[in-house]
Amino acid sequence: MNAPSSLDLFEGAIARLDKAFQFADIDAEALERLKHPKQILQVSVPVRMDDGSLRIFTGYRVRHDDTRGPTKGGLRYAPSVDISEVKALAFWMTFKCAVMNLPYGGAKGGICVNAKELSRLELERLSRGFIEQVADFIGPETDIPAPDMYTNAMIMGWMMDAYSKIRRQRTPAVITGKPIPLGGSQGREDATGRGAYHCMHEVAKRRDLVIRKTRVAIQGFGNAGQHIAQLLHADGYKIVGVSDSRGGIYKEDGFDIPSLIQIKNESNRLQAVYCTGSVCEAIEAEAITNEELLELDVDVLIPAALENQITIDNADRIKASVILEVANGPTTNEADEILNKKGKLIVPDILANAGGVTVSYFEWVQNQQGFYWSLEEVQKRLGEMMKREFNHIYECMIEMNIDMRTAAYAVALSRIGEAIASLGTAHYFSENDS
Ligand code: GLU
């Protein structure tokens with residue numbers, strides 16, 4: 001997979017607002033506000049490396065909008081992290097939270113680092129060091145981080161511990177996606193994949209898909225990719241193509257996903273914090289590239305890796321009729337247009353991958369209450385919310401005769417617009433009191 005160019009990622013992200021504006025109930029002034037992130041923090045994190053040397057890592061946290069509540073969003077560790085990427089990801093979080101009707105605004109953060117090159121101790125120092133730098137910026141009622149690419153429950157646990165020490169008060173609600181014994185929620189680990197699975201379930205009902213005949217390709221075999229693969233496979237879908245950062249594999253009659261996951265994880269046994277093995281190593285299948293995977297002759301394509309994977313260069317060759325966006329921002333605006341013209345159904349990222357932040361919300365609620373829910377309770381609530389919001393957006397799409405992404409943005413914009421308008425608009429303030 002090529003690292004995406006994030007130069008214009010934020011500009012591309014906000015361009016989607018203008019298209020949705022005409023279908024949303026929102027003031028033009030309020031729309032303008034959403035084109036500018038509320039706060040941006042850049043930090044330098046000095047880390048003493050195992051060999052005694054000192055390295056300085058650059059980190060960011062962007063709070064995009066907090067009209068609907070404290071800002072919420074993940075932290076990623078990747079060499080691609082830069083300010084434009086973090087701004088775009090924070091922007092998407094605002095819309096994702098509004099699509100799910102969660103009482104949150106959006107934020108995102110990250111550190112520019114190849115985490116796979118760090119030892120566990122270096123990783124812990126980096127994670128705690130980052131929290132020291134951003135402690136005044138985050139908090140249970142202001143901004144609540146969570147896992148994202150190359151960060152996981154253990155890292156969230158270190159961060160919660162670091163924050164609690166600074167505040168001299170145990171503060172589990174400052175971060176979500178924690179290990180369960182440290183205040184994490186049941187069901188958070190597979191929540192992104194499960195949320196996307198609920199969307200797929202609704203698509204299948206709406207489109208009368210015959211599940212056993214439905215062929216699926218998944219780009220990305222990290223947390224979300226593995227979990228959706230597992231859930232779809234258990235339902236009888238044929239997963240014929242899978243890939244990770246090193247390449248992909250194809251099997252005409254479909255993979256046995258549990259053994260694929262076992263093999264991938266066994267080859268990583270030496271590194272419990274990260275998955276580094278490749279799905280290409282141990283399974284008998286045809287090797288394909290990530291580019292070929294996207295263009296496979298399948299019914300459903302699930303991009304679950306990086307941004308900017310479906311672009312003007314390959315959109316014409318995408319054969320799948322349904323694209324379920326588990327990654328954030330996998331489709332560019334130009335590609336969107338091409339795919340929409342061809343009548344493809346794109347279930348947009350801000351809905352398809354919203355299961356993660358939804359269970360993060362449940363985790364935060366449980367932390368605030370000190371009362372913890374069963375796995376059944378979490379999964380039941382997640383299923384209900386995904387189903388409700390999916391169908392609401394799908395109905396808007398039909399009613400307004402627009403694509404599903406524009407419908408999702410329109411729904412989110414109207415909800416954000418309503419919150420902004422509750423504090424008064426130009427129209428309200430210019431009206432005469434008498
Ligand atoms: N990083 C995830 C996302 O992009 C989860 C965010 C959260 O749980 O706050 O949605």
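For the numbers below, each heavy atom of this structure counts, side chains included, while hydrogens, waters and symmetry mates do not. Whatever order the structure lists them in is the order used to number ligands and atoms, beginning at 1.
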(request) State the atoms of ligand 1, each with its element, that fall below the 4.0 Å cut-off from a heavy-atom position in G73. (result) 9 (O)
(request) Give a yes/no on ligand 1: does K108 have at least one heavy atom closer than 4.0 angstrom to it? (result) yes
(message) In this structure, does ligand 1 have an atom that sits under 4.0 Å from one of the heavy atoms of G177?
(response) no
(message) Which residue and atom name correspond to the protein heavy atom nearest atom 8 (O) of ligand 1, and how close is it?
(response) S360 OG, 2.5 Å
(message) If the cut-off is 4.0 Å to any non-hydrogen atom of V357, which atoms of ligand 1 fall inside it?
(response) 7 (C), 8 (O), 9 (O)
(message) Can you confirm whether more than 12 heavy atoms, excluding those of H201, are under 6.0 Å from its NE2 atom?
(response) no
(request) Could you list which atoms of ligand 1 come closer than 4.0 Å to a heavy atom of G74? (result) 1 (N), 6 (C)
(message) Within ligand 1, which atoms have a heavy atom of G356 less than 4.0 Å away?
(response) 8 (O)
(request) Compute the shortest N/O to N/O distance between P147 and ligand 1 and return yes if it is under 3.5 Å, no if not. (result) yes
(request) Tell me, please: is R188 in heavy-atom contact with ligand 1, that is, under 4.0 Å? (result) yes
(message) Run E122 and R55 through salt bridge (charged side-chain N to carboxylate O under 4.0 Å, His left out) and show every step you take.
(response) CA-CA 10 Å; E122 289 167 343; R55 266 181 75 183; over 6 Å; no
(request) Show which atoms of ligand 1 fall inside a sub-4.0 Å distance from at least one heavy-atom site of K96. (result) 3 (C), 4 (O), 10 (O)
(request) Could you check N340, N333, D336 and say which one makes a side-chain hydrogen bond (donor to acceptor under 3.5 Å, both in side chains) with R405? (result) D336
